[in-house]
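Since we're looking at a predicted model, the values are computed, not measured.
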Amino acid sequence: MSASTDKAATGVAGLDDITAGGFRRGRLYLLEGSPGTGKTTIATQFLMEGAAAGERCLYITLSETEDELRESALSHDWELGENIEVFELVPPESLLDEDQQQSLLYSSDLELGETTKRIFEAFERTKPDRVVLDSLSEIRLLAQSSLRYRRQILALKHYFSRHGTTILMLDDLTTEMLDKTVHSVAHGVIRLEELSPNYGAERRRLRVVKYRGQRFRGGYHDFVIETGGVRSFPRLVSAEHKGSFRRDLVPTRQAALNALLGGGFERGSSTLIIGPAGTGKSLLTLTFVADAVARGEHAAMFIFDEEMGLLTARSKALGIDLQAMVESGLLTLEQVDAAELTPGEFSERVRHCVEKHDARIVVIDSVNGYQAAMPEEQALILHMHELLQYLNRKGATTFLTVAQHGLVGDMKAPVDVTYLADTVILLRYFEAAGRVRRAISIVKKRTGPHEDTIREFRIGGEGITLGEPLTEFQGVLRGVPSLIGRPVAEAPPA
């Protein structure tokens, strides 16, 4: 989405993309969310962005002291400069004196008028381009009725708009949750939410509820609060990333595997490798990564299930030196903690590898771990669909692994994503002559012909080695095959 010159940038990474350029100048916006969702941090970033552009900024606080705000800014390594004035609006001392409490008039009548007067005085003194009012719950309590509250908000809105000031009001939703007064008055409304899973860190997301007169990126968008401020991750929409590239057939370095695949993989396609634990799914993806690096292409691996040091040591014993590939700059290897990472942030990491490093191969190992980051199966399917479509349109070849429950016989996957992939590689254990052996087959390939045979493969010091098709066996995929001809040819020694 394109930014507009008559908009004030928010200063929050990703939020300008969500709001199609930021906040339209001279309008009132509402940022609402429960305490702890990041409202003050976003508001401070909004003012710092304005100050960096030479604009005058005013932070009016009714709920926090100036010292608390400056201390909060320092926690993000921020220094509120001279272009940002903090106006701490506290009740006049007379209103805190028991002897001065009113008996015939409601003290709220005096407090509300005094509060409004002091807000206008602070504005006239600083003449700001951007204003943050924190928070509306204090004004709502002073107003005491919906009618007075609405009139007060309208008065503030009209006063600020006459001066062309962009105002951001914060609401912590601690009083009268169903009061939507400001929703109808504001030009735009952004809602922040915090979710607490049964295990792992809290998850935060935001949604643009309303933005008058323009389109915005709808739906929920994950965001995080870290040292340096809030970082949001716009929801990935694959249709926005159409590109052109040659859909070449990319062969592997193994003739038997190329024969099984019908020549290799098509660039810009997705491949799902499915099978029980220990069949070699991760190792198979490593061979594709090694092939890409040997061609001089950049590859990216996102590891959910295995500790990175163990994976590096294990792969080196099989003739694949991941550490050397990383040091060469041709491999991005990332450990993903499903309990800490939101799906939106994961999509952002993948996009970074593709758009900044031109990754041609992307490996996600495994979808089981990805599912742990997003327990809702339907949401997982939609995320995977958008991510795979995006990667396909960028010309990146994607490999995903899925571990099935069980070892032999009737096995089930935790989530069915086979219809999303262009190619499906099935790995199986089978028993023959008192030995546990492994078999590989291609059960689906959208982009061209492939072998319909089942081949035995072995894992050894040279990685994966394929044998001849198992033409003399029947029932290999069930795990207990029967011999229908002469004994099957052994796979080549590793």
Side-chain angles (χ1 to χ4, degrees), residues 1-33 37-39 41-43 45-46 49-50 130 166 168-171 180 182-184 186-195 203-226 229-243 341-356 370 373-374 376 378-394 396:
M1 296 188 175
S2 60
S4 177
T5 55
D6 64 342
K7 289 186 177 179
T10 63
V12 178
L15 188 55
D16 287 346
D17 180 56
I18 295 169
T19 56
F23 297 148
R24 190 172 297 280
R25 297 184 184 276
R27 300 290 187 267
L28 183 150
Y29 296 88
L30 173 64
L31 182 64
E32 63 177 15
T37 48
K39 300 182 300 299
T41 305
I42 291 177
Q45 287 178 260
F46 171 66
E49 183 71 16
R130 301 187 184 203
T166 308
L168 181 63
M169 293 186 171
L170 312 187
D171 191 352
K180 300 294 183 183
V182 187
H183 281 238
S184 62
H187 194 76
V189 179
I190 299 176
R191 189 180 185 105
L192 310 181
E193 296 182 6
E194 183 179 76
L195 309 174
R203 307 281 177 93
R204 291 183 174 92
R205 63 184 187 178
L206 64 86
R207 180 169 69 94
V208 179
V209 178
K210 162 190 175 181
Y211 202 138
R212 281 191 184 134
Q214 72 160 57
R215 297 184 64 184
F216 53 87
R217 194 181 297 279
Y220 285 105
H221 312 275
D222 295 326
F223 73 94
V224 294
I225 304 176
E226 55 192 11
V230 166
R231 200 155 54 97
S232 61
F233 309 103
R235 181 173 57 84
L236 181 61
V237 180
S238 60
E240 298 175 355
H241 300 275
K242 294 179 180 178
L341 193 73
T342 64
E345 185 174 359
F346 176 65
S347 297
E348 189 74 13
R349 286 191 187 184
V350 175
R351 286 186 60 183
H352 179 80
C353 288
V354 172
E355 295 173 13
K356 301 298 182 183
Y370 193 14
M374 181 182 293
E376 298 178 25
Q378 190 58 38
L380 172 69
I381 296 293
L382 293 174
H383 262 263
M384 292 297 301
H385 177 270
E386 288 300 310
L387 186 58
L388 290 179
Q389 288 277 46
Y390 162 79
L391 291 168
N392 289 356
R393 286 169 172 165
K394 284 293 186 178

> At their closest point, which heavy atom of Arg235 faces which heavy atom of Gly219, and how far apart are they?
Replying inline: NE-CA, 4.2 Å

> In Å and rounded to the nearest 0.5 Å, what is the CG to CG distance from Leu382 to Leu380?
Replying inline: 9.0 Å

> What is the minimum heavy-atom distance between Ala8 and Arg130, and which atoms define it?
Replying inline: CB-NH2, 3.4 Å

> Arg205: what forms a side-chain hydrogen bond (donor to acceptor under 3.5 Å, both in side chains) with it, not counting sequence neighbours?
Replying inline: Glu193

>> Please determine whether ring pair (Phe, Tyr, Trp, His ring centres under 6.0 Å) holds for the pair Phe223 and Phe233, giving the CA-CA distance in whole Å, both sets of side-chain angles, and the decisive distance to 0.1 Å.
In response: CA-CA 6 Å; Phe223 73 94; Phe233 309 103; 8.8 Å; no

> Taking the side chain as C-beta and beyond, is there a heavy-atom pair between Val224 and Val230 under 4.5 Å?
Replying inline: no

> Is a salt bridge present between Arg217 and Asp17, judged by a nitrogen-to-oxygen distance below 4.0 Å?
Replying inline: yes

> Does the side-chain contact (heavy atoms from CB on, under 4.5 Å) test come out yes or no for Ile42 and Leu192, once each step is laid out?
Replying inline: CA-CA 10 Å; Ile42 291 177; Leu192 310 181; 3.9 Å; yes

>> Has Gln45 got a side-chain atom pairing as donor or acceptor with Gly11's backbone, closer than 3.5 angstrom?
In response: yes

>> Counting C-beta onward and ignoring hydrogens, is there a side-chain heavy-atom pair between Tyr390 and Glu240 closer than 4.5 Å?
In response: no

> With a distance cut-off below 6.0 Å to the six-membered ring centre and an angular limit of 45° from the axis, does Lys39 pair with Phe46 as a cation-pi contact?
Replying inline: no

> Is the Tyr29 ring parallel, tilted or perpendicular to the His187 ring (thresholds 30°, 60°)?
Replying inline: perpendicular

> Would you call Arg231 and Glu345 a salt bridge, using N to O less than 4.0 angstrom?
Replying inline: yes

>> With a 3.5 Å distance limit and no angle check, can you tell me whether Asp171 reaches the backbone of Glu32 through a side-chain donor-acceptor pair?
In response: no

>> Pair Thr37, Glu194 - check side-chain hydrogen bond (donor to acceptor under 3.5 Å, both in side chains), show working.
In response: CA-CA 6 Å; Thr37 48; Glu194 183 179 76; over 6 Å; no

> Is any side-chain N of the basic residue among Asp6 and Arg24 closer than 4.0 Å to the acidic one's carboxylate O?
Replying inline: yes

> Taking all non-hydrogen atoms of both residues, which atom of Val189 and which atom of His183 are closest, and how far apart?
Replying inline: CG1-CE1, 3.7 Å

> Would Leu387 and Arg351 satisfy side-chain contact (heavy atoms from CB on, under 4.5 Å), going step by step from the backbone distance to the final call?
Replying inline: CA-CA 9 Å; Leu387 186 58; Arg351 286 186 60 183; 5.7 Å; no

> Under 4.5 Å between any side-chain heavy atoms of Phe23 and Thr10, yes or no?
Replying inline: yes

> Where the side chain of Arg393 meets the backbone of Ser238, is there a donor-acceptor pair that is under 3.5 Å apart?
Replying inline: yes

> Which heavy-atom pair separates Ala9 from Asp16 by the least distance, and what is that distance?
Replying inline: CB-OD2, 3.5 Å

> Between atom CD1 of Ile190 and atom CG of Leu15, what is the distance when rounded to the nearest 0.5 Å?
Replying inline: 5.0 Å

>> For Lys394 and Gln389: C-alpha separation, side-chain torsions, deciding distance, then whether side-chain hydrogen bond (donor to acceptor under 3.5 Å, both in side chains) applies.
In response: CA-CA 9 Å; Lys394 284 293 186 178; Gln389 288 277 46; over 6 Å; no

>> If you apply the rule side-chain contact (heavy atoms from CB on, under 4.5 Å), what do you find for Thr19 with Phe216, and how did you get there?
In response: CA-CA 5 Å; Thr19 56; Phe216 53 87; 5.6 Å; no

>> For His385, I'd like to know if atom NE2 has over 12 heavy atoms of other residues, nucleotides or ligands within 6.0 Å.
In response: no

>> Please find the pair of heavy atoms, one from Ser347 and one from Tyr370, that lie closest to each other, and give the distance.
In response: OG-OH, 4.3 Å

>> Under the criterion side-chain contact (heavy atoms from CB on, under 4.5 Å), I'd like the reasoning laid out for Arg204 against His221: C-alpha separation, chi angles, the key distance, then a yes or no.
In response: CA-CA 9 Å; Arg204 291 183 174 92; His221 312 275; over 6 Å; no

> Looking only at heavy atoms, what is the nearest atom pair of Val12 and Ser232, with distance?
Replying inline: CG1-OG, 4.3 Å

